[in-house]
Undergrad: 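Sharing a structure with you now.
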Number of protein chains: 2
Amino acid sequence: MDVLDPRRVLIFRAVARAGSISAAARDLGWTQPAVSQHLARLEREVGGPLLLRGPSGVRPTEAGTALLRRADVIAAELHAAGEELADLAQLRGGRVRLVAFPSAAATLVPTALGDLARERPGLEVGLEEAEPPEAMAAVLAGDADLALVFGYDGPPEGRGVLEWRPVLEEPVHLVLPAGDRAVAGLAELSDAEWIGGCVRCRAHLVACCEAAGFEPAIRHVTDDYVVVQNLVAAGLGVSVLPASALEAHRAPGVRSVELPGLGRRRVGLVFRPGADGVPATAAVAAALAAAAR
Amino acid sequence: MDVLDPRRVLIFRAVARAGSISAAARDLGWTQPAVSQHLARLEREVGGPLLLRGPSGVRPTEAGTALLRRADVIAAELHAAGEELADLAQLRGGRVRLVAFPSAAATLVPTALGDLARERPGLEVGLEEAEPPEAMAAVLAGDADLALVFGYDGPPEGRGVLEWRPVLEEPVHLVLPAGDRAVAGLAELSDAEWIGGCVRCRAHLVACCEAAGFEPAIRHVTDDYVVVQNLVAAGLGVSVLPASALEAHRAPGVRSVELPGLGRRRVGLVFRPGADGVPATAAVAAALAAAAR
DNA sequence: TCCATGACCCAAGCATCGCTTATGGGGCGT
DNA sequence: ACGCCCCATAAGCGATGCTTGGGTCATGGA
């Protein structure tokens with residue numbers, strides 16, 4: 001005997017509880033011989049009878065009562081698992097670990113999670129802030145389920161295998177003090193002093209300026225878009241910010257202008273392949289996509 | 001979805017524990033697609049992925065870890081059930097409730113149970129004394145597994161369905177004071193005073209005497225064969241006793257003679273149909289049969 | 001760069017498992 | 001004595017489920 005077939009154990013339980021093979025067969029929607037055969041086979045594997053057949057039903061032997069106790073546990077556990085999984089599938093429960101870059105965490109994420117909390121009270125979403133590379137690493141390592149990241153030219157190239165789902169694409173604006181003269185092209189600012197953002201943002205700024213024929217003089221560096229705007233308003237330099245950062249906060253004393261030469265920023269989600277099949281993760285992704293438009 | 005198929009749950013567990021579908025397939029002695037198909041079907045029933053497939057194996061989702069916990073309980077319970085039933089099948093455990101009539105309980109049963117306790121230390125046998133009708137009723141009611149009973153002409157007729165297994169057949173002896181004259185037939189004792197045993201024994205005595213042409217005068221009644229012999233030795237009457245009662249105890253001052261007219265007593269076991277398939281019960285039955293010869 | 005390896009999935013074939021139908025025995029009630 | 005309700009067995013056939021033989025993708029070494 002290899003090991004007990006759990007299906008037969010449950011069939012045995014149905015018989016023991018129903019009190020007769022025929023009654024169990026009716027309960028199971030089968031015919032009587034089907035149940036009888038399963039039982040006979042189980043008893044052969046076990047090495048002795050589990051039920052004594054009487055004229056009016058069956059009565060468990062000592063082995064039968066022992067097995068019945070175990071079978072009850074198994075059935076209960078199986079039922080509980082079904083409930084638990086149904087809860088997860090129907091979004092009555094579940095936990096999603098979301099990582100997002102700071103400006104998204106300030107704008108897009110709160111509205112999305114607000115909607116979600118209202119519609120799916122059982123769903124827990126844990127938010128952590130991180131820049132795209134760290135965010136993707138967290139997903140890859142299994143420390144997060146979903147990462148909201150951005151890239152300036154196409155999706156951010158990730159080591160390893162992660163799926164990408166675009167959420168939002170936006171222009172990058174030039175940010176100037178409110179009183180400055182009109183600017184038509186990036187080249188006009190070759191002598192300006194610049195305020196740089198995060199590492200990748202600075203790299204993009206440098207690339208755009210080089211395409212326009214100069215190397216920008218970066219004096220100040222901050223990845224906080226409120227600080228950027230305040231520095232610009234104070235006349236300490238010019239900068240670039242994606243449209244959503246300007247929507248989230250607009251300091252008095254700054255002016256923004258969309259320049260094609262600054263390219264566009266693509267925001268999207270990355271996750272482990274197949275994770276979009278997980279209901280909870282899919283729901284969070286959908287809520288973020290909905291909040292983006 | 002009806003309910004989770006426990007087999008698939010265990011297959012899922014094998015995969016989660018092995019860390020990859022292929023490894024689980026090797027463990028199970030199957031090919032990889034077989035396991036893959038089971039898993040896919042389980043996930044379809046569950047309504048979402050349980051494992052995220054990566055390039056080097058799988059990693060459980062939230063639903064997967066939830067199911068894994070349940071699956072571990074199920075597997076443990078199944079394994080424990082297997083052990084438990086194997087113990088019962090191989091007589092390392094088990095309990096048998098035996099009912100026996102008094103004179104057997106005094107002779108045959110102790111030797112049988114002694115042998116059994118030596119050979120099968122795990123086997124517990126509970127003994128209770130009862131006259132055949134009560135003993136059979138106990139078996140029928142499920143209060144006992146095995147009854148050692150006797151009948152004077154064939155097996156005792158039992159209401160209900162019980163199986164009969166003969167154990168021993170013995171002559172019934174006439175019991176006389178040691179000094180009495182020789183007796184060749186029952187009819188010579190038509191004027192004697194009689195000592196009667198249990199209800200059924202008295203009925204048998206009366207039937208035998210009637211066949212010999214007289215009705216016995218029963219003066220004393222006891223179902224204790226030691227008391228019977230002492231009364232006979234004291235000259236207070238004559239009696240009949242089965243051979244085994246005389247083997248168990250022989251009072252000085254009594255003489256016994258085998259008379260064909262007294263018939264024979266049949267000792268045997270009764271049990272619920274199929275109960276002889278239960279290893280523990282069969283072992284007790286076998287030990288009793290062995291002790292009888 | 002290219003191949004070898006190991007993971008997984010998909011499609012198709014076929015054997016086996018397992019359910020059904022059909023039949024028969026046995027006990028119990030009317 | 002008949003009918004009903006237990007159960008077991010045998011035979012047949014359909015569906016489940018395992019295998020074989022493809023193919024994709026990512027990783028690691030030559």
Undergrad: Rounded to whole angstrom units, what separation is found between the CG atom of A/Leu162 and the P atom of D/dT27?
TA: 10 Å

Undergrad: Indicate whether OP1 or OP2 belonging to D/dA8 is found under 4.0 Å from a side-chain N or O atom of A/Ser36.
TA: yes

Undergrad: Atom CZ of A/Arg59 to atom C1' of C/dG27: distance rounded to whole Å?
TA: 17 Å

Undergrad: Sugar-phosphate atoms are those with a prime plus P, OP1 and OP2; base atoms are the rest. Using that split, label each nucleotide of nucleotides 10-20 of chain D B, S or - for protein heavy atoms under 4.0 Å, 5' to 3'.
TA: B------SBBB

Undergrad: Taking only residues two or more places apart in sequence, or in another chain, which ones meet B/Phe101 in a ring pair (Phe, Tyr, Trp, His ring centres under 6.0 Å)?
TA: B/Phe150

Undergrad: Please, which pairs that meet salt bridge (charged side-chain N to carboxylate O under 4.0 Å, His left out) have at least one residue in residues 58-79 of chain B, sequence neighbours excluded?
TA: A/Arg70-B/Glu77, A/Glu77-B/Arg70, A/Glu84-B/Arg70, B/Arg13-B/Asp72, B/Arg17-B/Asp72

Undergrad: Within the structure, does a side-chain N or O atom of B/Ser22 lie under 4.0 Å from either OP1 or OP2 of C/dC8?
TA: yes

Undergrad: What is the distance, rounded to the nearest whole Å, between atom CG of A/Leu52 and atom P of D/dC6?
TA: 18 Å

Undergrad: Check whether any side-chain nitrogen or oxygen of A/Arg53 sits under 4.0 Å from OP1 or OP2 of D/dC6, and answer yes or no.
TA: no

Undergrad: Only counting residues at least two apart or in another chain, list the ones meeting ring pair (Phe, Tyr, Trp, His ring centres under 6.0 Å) with B/Trp30.
TA: B/His38

Undergrad: To the nearest 0.5 Å, what is the distance between OG1 on B/Thr61 and CG on B/Leu67?
TA: 9.0 Å

Undergrad: Could you tell me how far apart A/Arg44 (CZ) and D/dT9 (P) are, to the nearest whole angstrom?
TA: 11 Å

Undergrad: Within this structure, what is the CD1-to-P distance between A/Ile21 and C/dT20, rounded to whole angstrom?
TA: 15 Å

Undergrad: Could you note down all residue pairs passing salt bridge (charged side-chain N to carboxylate O under 4.0 Å, His left out) where residues 138-150 of chain B supplies at least one of them, sequence neighbours left out?
TA: B/Arg97-B/Asp145

Undergrad: Who are the side chain to side chain donor-acceptor pair (under 3.5 Å) partners of B/Glu128, not counting sequence neighbours?
TA: none

